[in-house]
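Report on the structure given below.
Bear in mind the structure is a predicted one, so any value in this text is a computation, not a measurement. Every chain is numbered from 1, with letters handed out A, B, ... down the list of sequences.
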Amino acid sequence: MSKITSVADLKKKKEQVQLNLGLRENSDAADTHVQIRVGMATCGIASGARETMNFLVEETRHQAIDAVITQTGCMGFCYAEPTVEITLPGKEPVVFGHVDKTKAREIIDRFIIKGELADGIIPVNFKTIDEY
Amino acid sequence: MSEYNFQILVCGGTGCKASESEEIRSSFVNLLNEYGLEEEVQVVLTDCFGFCEKGPIVKMMPDKTVYVRVKPSDADEIIKEHIVKGNQVERLLYRDPVTGTVVRDRQHMEFYKKQIRIALRNCGFINPEEIDEYIAHDGYMALGTCLTEMKPMEVIEQIKKSGLRGRGGGGFPTGLKWEITAKVPGDQKYVVCNVDEGDPGAFMDRSILEGDPHTVIEAMIINGYCTGASKGLVYIRAEYPLAISRLKIALAQARAYGLLGDDILGSGFNFDIEIRYGAGAFVCGEETALIHSMEGCRGEPTFKPPFPSVSGYLGKPTNVNNVETYANIPVIINKGADWFASIGTEKSKGTKVFALAGKINNVGLIEVPLGTTLREVIYDIGGGIRGGKKFKAVQTGGPSGGMLTAEFLDTPIDYDNLLAAGSMMGSGGMIVMDEDDCMVAIAKFYLGFTVEESCGKCAPCRIGNKRLHEILERITDGKGEIQDLDRLFMLSNVIKDASLCGLGQTSPNPVLSSLKYFRQEYEAHVKASHCPAGQCKALVRYEVIEDKCTGCTLCFRNCPVGAITGEKREVHFIDQSLCIKCGVCFEKCKFGAILVS
Ligand SMILES: Cc1cc2nc3c(=O)[nH]c(=O)nc-3n(C[C@H](O)[C@H](O)[C@H](O)COP(=O)(O)O)c2cc1C
Ligand code: SF4
């Protein structure tokens, strides 16, 4: 890792990562990858998030789905752990609750491959700092 | 990709299920089939939308129109108007309760979102083990602004102007604390982050550190810049291994980028952070005890003043703040103090994170603007009481707080209102109780916790709480007397007045508030040996109904303590002095011959 030694450096870094992460409209990554985030805080892991994550990694590889799978912190829906957020290319993120292996398979087959929604979506019930 | 042009999202959260979401879904599905639209429109059942009061909610995609209080019979009109003709169904749109105007446009269609995530902005969105993701979401930008464009006092002015108050419990104005620490002369100062979080049922701070460790690091550096400290210490309980490991990764990454260390962002400012582990004692969350624990001494509080800002770690000026307090700082700098101050009430600005637990449907972590009512939190976001039971009380502030009854459901939550109601904000634990909870037993539970956690340094807390607990035990055992109620009251007030630290000063709150709001429950225990909620085992009595007993010996064989005697085919007998009230005989008896009273 090279050091960030000025604010200009930091801004450059920010733009570069935003491109890599597909957070910018003109980035290539956003058009091709399915982004999958698994809630892996203590609460999620205790309800089996690690198994869900491993399953998603294996299954997407197995089915040759172009997916980037990462871990994230607590989404706040403890009553519905494990929770998984999926962003299809060019679409808004969708959060699913109670994602065990069976649910994960259904999500891959119905949502990721066919683009249909599946039961058990958790509607986003909060505003972000940019929406307020 | 999807061949559906429309999607109808029907709320299937526990709160709405009670109001027929399944029927709504099937009437949509049936009608769509009838009209031959099933290929074009998909119907899905979702989890809770967080607006149960107006449920069931139906959201139309892709245009995001939200319909409230939908009934199965509305499905036809929604399909014919909305889907076929493209017109919104006026009468099902949400009306703003204040202005009475109908909410129809896309921008305002998010009216049902009662939460705003500031401290939790990145939790659940970014990978906490990747500093780059934090940077992509404005991470370390606030630090950059502070170090290169603002003088320390200007930053402090912004924090003061934002109105941010400490989220660790006391609610002390954060900007003022920073200013005091900054103005005290000292060659070495310290910045401390309090991650002790000992309040049973609370996990706000753990979640922030696990989900977004860099926000705490960034804010601590900013604090160091403002107060003139070059060293930060994170005091974290050893029971949080995941939070510790993510924090360590974050610290290493920040150092690798030069965001911690010497000459940060070329500003000439040096700062680094160390981790200190706590053994998980509740009292070590109290700032003076925390500091002594870090010094290698016993984790016991000392008298304030001097406050840590003046004389803290190793006798040096030390700024102690809570995790959530820090998590707000970068946003205040990035979005501005005025933006932050526009959220909340007059004296309590911004948002507060709560850990919702107890008898509630949507157990979880929420963040709401201060001034939100308990009703909104419990019934809208929390999805209401589990099993459709009746709300009885909510405990805020953990063992230091009090019980709030139904009469406070519409009280806006802020520091001052909660204090006035005999509770306190605390760090954010919120435990909901229903009709099955015995308030005397709950008060006893919290006192049991306090007795365990009291450091024992001062007599009122060490001895007084023990006596309080004994009296409560007596009452729940059915051995109390009416005078015990006065004793509880008097002793509680002595403990509050005479204890050295916040632990003892607040520990009688659960007793005082339950005495105040549920006195009749205490009276039932002592006067009639009756527990109205049926929770206090000692007040329950199991007896054999002689006429019904067939002498089958089933109870005799199942009683774990041998309290039942009797010959085969003869009436059995329960020895009350041996009975532990486990209820096995009642469950096992096939003849209904066990009487519970
Ligand atoms: C018994 C007791 C326990 C406390 N536990 C915590 C805690 O776990 N976390 C915390 O941040 N503050 C806790 N506090 C409050 C701290 O003493 C201190 O006020 C706080 O960390 C200051 O930060 P703030 O101004 O950002 O809230 C506790 C106080 C008492 C009396
Ligand atoms: S009030 Fe209790 S915890 Fe605080 S110093 Fe006294 S004995 Fe210790």
- Message: At a 4.5 Å cut-off on heavy atoms, which part of Q71(A) comes close to chain B: side chain, backbone, both, or neither?
- Response: both
- Contact part of A8(A) toward chain B, heavy-atom cut-off under 4.5 Å: side chain, backbone, both or neither? neither
Any ion pair linking [Y] and [X] (charged N to carboxylate O, less than 4.0 Å)?
{"X": "E58(A)", "Y": "R61(A)", "answer": "no"}
{"X": "E367(B)", "Y": "K127(A)", "answer": "no"}
{"X": "K101(A)", "Y": "E51(A)", "answer": "no"}
{"X": "K335(B)", "Y": "D130(A)", "answer": "yes"}

- Task: Quickly, which of V57(A), V34(A), N54(A) forms a side chain to side chain contact (heavy atoms under 4.5 Å, CB included) with I69(A)? Name it, please.
- Result: V57(A)
Relative to chain A, which of [options] shows the most heavy atom pairs under 4.5 Å?
{"options": "L365(B), L147(B), L265(B), L209(B)", "result": "L265(B)"}
{"options": "R121(B), E210(B), E130(B), E129(B)", "result": "E210(B)"}
{"options": "G364(B), G211(B), A355(B)", "result": "G364(B)"}
{"options": "R25(B), R246(B), K59(B), R117(B)", "result": "R117(B)"}
{"options": "P128(B), G266(B), S207(B), G144(B)", "result": "P128(B)"}

Contact origin within [X] toward chain A - heavy atom pairs under 4.5 Å:
{"X": "D138(B)", "result": "both"}
{"X": "M141(B)", "result": "both"}
{"X": "T351(B)", "result": "neither"}
{"X": "I366(B)", "result": "neither"}
{"X": "L9(B)", "result": "side chain"}
{"X": "Y134(B)", "result": "neither"}
{"X": "K114(B)", "result": "backbone"}

- Message: Quick check with a 6.0 Å cut-off and a 45 degree axis cone: is K114(A) positioned over the face of F111(A)'s six-membered ring?
- Response: no
When you check the side-chain N and O atoms of [X] and [Y], is any donor under 3.5 Å from an acceptor?
{"X": "E133(B)", "Y": "N127(B)", "result": "no"}
{"X": "E92(A)", "Y": "T87(A)", "result": "no"}
{"X": "D132(B)", "Y": "Y257(B)", "result": "yes"}

- Does atom CZ of R255(B) have more than 12 heavy-atom neighbours, drawn from other residues, nucleotides or ligands, at distances under 6.0 Å? yes
- Message: With a 4.5 Å cut-off on side-chain heavy atoms, are L45(B) and S21(B) touching?
- Response: yes
If you count heavy-atom pairs under 4.5 Å with chain B, which of [options] comes out on top?
{"options": "D9(A), T70(A), V95(A), V7(A)", "value": "V7(A)"}
{"options": "T83(A), T5(A), V38(A), I45(A)", "value": "T5(A)"}
{"options": "Q16(A), K11(A), E131(A)", "value": "K11(A)"}
{"options": "I122(A), T128(A), L117(A), V124(A)", "value": "L117(A)"}
{"options": "A41(A), G120(A), C43(A), P123(A)", "value": "P123(A)"}

- Does the ring pair (Phe, Tyr, Trp, His ring centres under 6.0 Å) test come out yes or no for H214(B) and Y140(B), once each step is laid out? CA-CA 8 Å; H214(B) 285 284; Y140(B) 292 103; 5.7 Å; yes
